[in-house]
Protein chains: 2
Amino acid sequence: MAYADQYIDKLRKSGLRPTKQRIKICEVLFDADKTFHFTIKELVKIIENQANIKVSLATVYNTVHAFMKKGYLKEIPLNASQSYYDTNVSHHHHFFDEEENKLIDIHQEDVDEVKIKRTIPGKKIRSVEVIAKIVSDNQSQK
Amino acid sequence: MAYADQYIDKLRKSGLRPTKQRIKICEVLFDADKTFHFTIKELVKIIENQANIKVSLATVYNTVHAFMKKGYLKEIPLNASQSYYDTNVSHHHHFFDEEENKLIDIHQEDVDEVKIKRTIPGKKIRSVEVIAKIVSDNQSQK
DNA sequence: TAATACATTATATTTATTCTAAACTGTTGA
DNA sequence: TCAACAGTTTAGAATAAATATAATGTATTA
């Protein structure tokens, strides 16, 4: 509640109408000081559990996408609408061309080994992959 | 054709029966010297175009998954069945726990900057993300 | 070659996501 | 304050990828 005004502001400044549903979604997403990861379904459940407000799946999709456009949320680049397979089973990385939905290999020698200094107790790293998303460079076309 | 025997061997050694469909799939995937990326649908189309053989979607799915289990193909870790979003919009990377389907942040300071030495003409890099897949480390539990 | 175990297939199912069109709500200005 | 409009929400339909099912077909074996 304390934050509601702040969210109304945030939404207005983004050109989004501050509706009951959007304010509730803001509260769930931004009230806590720590960040978190979620799927659409998880978000719907959290909202149902925390409030009397009913929010449809479609609204959550719309709002999450609107928030992404505004930079309030980020999609984790772990997903594509379909699976891609590779006949090159050696260790290498990829460019993903977002405009053409195409993958391009980056050979291992073109990337320095990625060293992760953090570990998770009881877990080991099975693979490390780098995905570099690329788009047209309009600057260089002038 | 020239490679068919070799593929029959490869399949037998993997405990897969060398059927017409599987041999055709091998030819499409492994005949050329260069590697390539594909989706299931693309593979179905290529097979239809290159041969008289009809292959059902289900067979291609089954075979591609069998080949992955054997290490002949790799799935590009760009996919999850659903999208994950993050309220942390700062630049950082992720662990993905494959057993629990959970994401864990890796802060930027825990990974050295990833430098990619290759460029694609007319394209610029929009984002570089590291996904480290983790699984239980049974070694350390003894 | 017969028996069996494995494969293939068309079709149905499941799941995530997007679309649609009708009902509803926030906003604006008289 | 209220009417009118534009933007929003919603249930349900549509789409699309992936998986499951069960009947038919095929490779293997002895």
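Each chain gets a letter, A, B and so on, in the order its sequence line appears, and its residues count up from 1. Source: prediction; values computed, not measured.
For the pair B:Arg118 and B:Ile120, the tightest heavy-atom approach, listed with the atom from each and the gap, is NH2-CD1, 3.8 Å.
To the nearest angstrom, P of D:dA17 lies 14 Å from NE2 of B:His65. With rounding to whole Å, A:Leu43 atom CG is found 12 Å from C:dT17 atom P. Remark: C1' of C:dT17 and OH of B:Tyr84 are 15 Å apart, rounded to the nearest angstrom. Across the protein-nucleic acid pair, B:Ile8 atom CD1 and D:dA27 atom C1' stand 11 Å apart, rounded to whole Å. In this structure, A:Leu11 places its CG atom 18 Å from P of C:dT25, rounding to the nearest Å.
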Between N or O atoms, less than 3.5 Å apart, protein on one side and nucleotides 1-3 of chain C on the other: list the pairs.
none

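Ring pair A:His92/B:His37 is parallel by interplanar angle, where below 30° counts as parallel and above 60° as perpendicular. By the 30° and 60° cut-offs, the orientation of the rings of B:Phe96 relative to B:Tyr84 is perpendicular. Between B:Phe38 and B:Phe36, the ring planes are tilted. Angles from 30° to 60° get that label.
Considering only side-chain atoms of B:Ile40, the nucleotide from C:dT27, D:dA18, D:dT28 that sits closest is D:dA18.
For the pair B:Arg12 and D:dT28, the criterion of a side-chain N or O lying under 4.0 Å from OP1 or OP2 is met. Taking only side-chain nitrogens and oxygens, A:Tyr61 comes nearer than 4.0 Å to OP1 or OP2 of C:dT17.
B:Ile131 and A:Ile104 are assigned to two separate hydrophobic clusters, defined by single-linkage of ILVMFWY side chains at heavy-atom distances under 4.5 Å.
Both tests do not hold together for B:Lys123 against A:Phe95: distance to the six-membered ring centre under 6.0 Å, angle to the ring axis within 45°.
No more than 12 heavy atoms of other residues, nucleotides or ligands sit less than 6.0 Å from atom NZ of B:Lys13.
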(message) How would you summarise protein contacts on nucleotides 3-13 of chain D per nucleotide, using B for base, S for sugar-phosphate only and - for none, with heavy-atom distances below 4.0 Å?
(response) ---BBSSBB--

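With 3.5 Å as the limit, one finds a donor-acceptor pair spanning the side chains of B:Ser136 and B:Glu99.
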(message) Could you walk me through whether A:Arg22 and A:Thr59 satisfy the side-chain contact (heavy atoms from CB on, under 4.5 Å) test, starting with their C-alpha distance in whole Å, then the side-chain angles of each, then the deciding distance to 0.1 Å, before giving a yes or no?
(response) CA-CA 9 Å; A:Arg22 281 181 182 153; A:Thr59 299; 5.9 Å; no

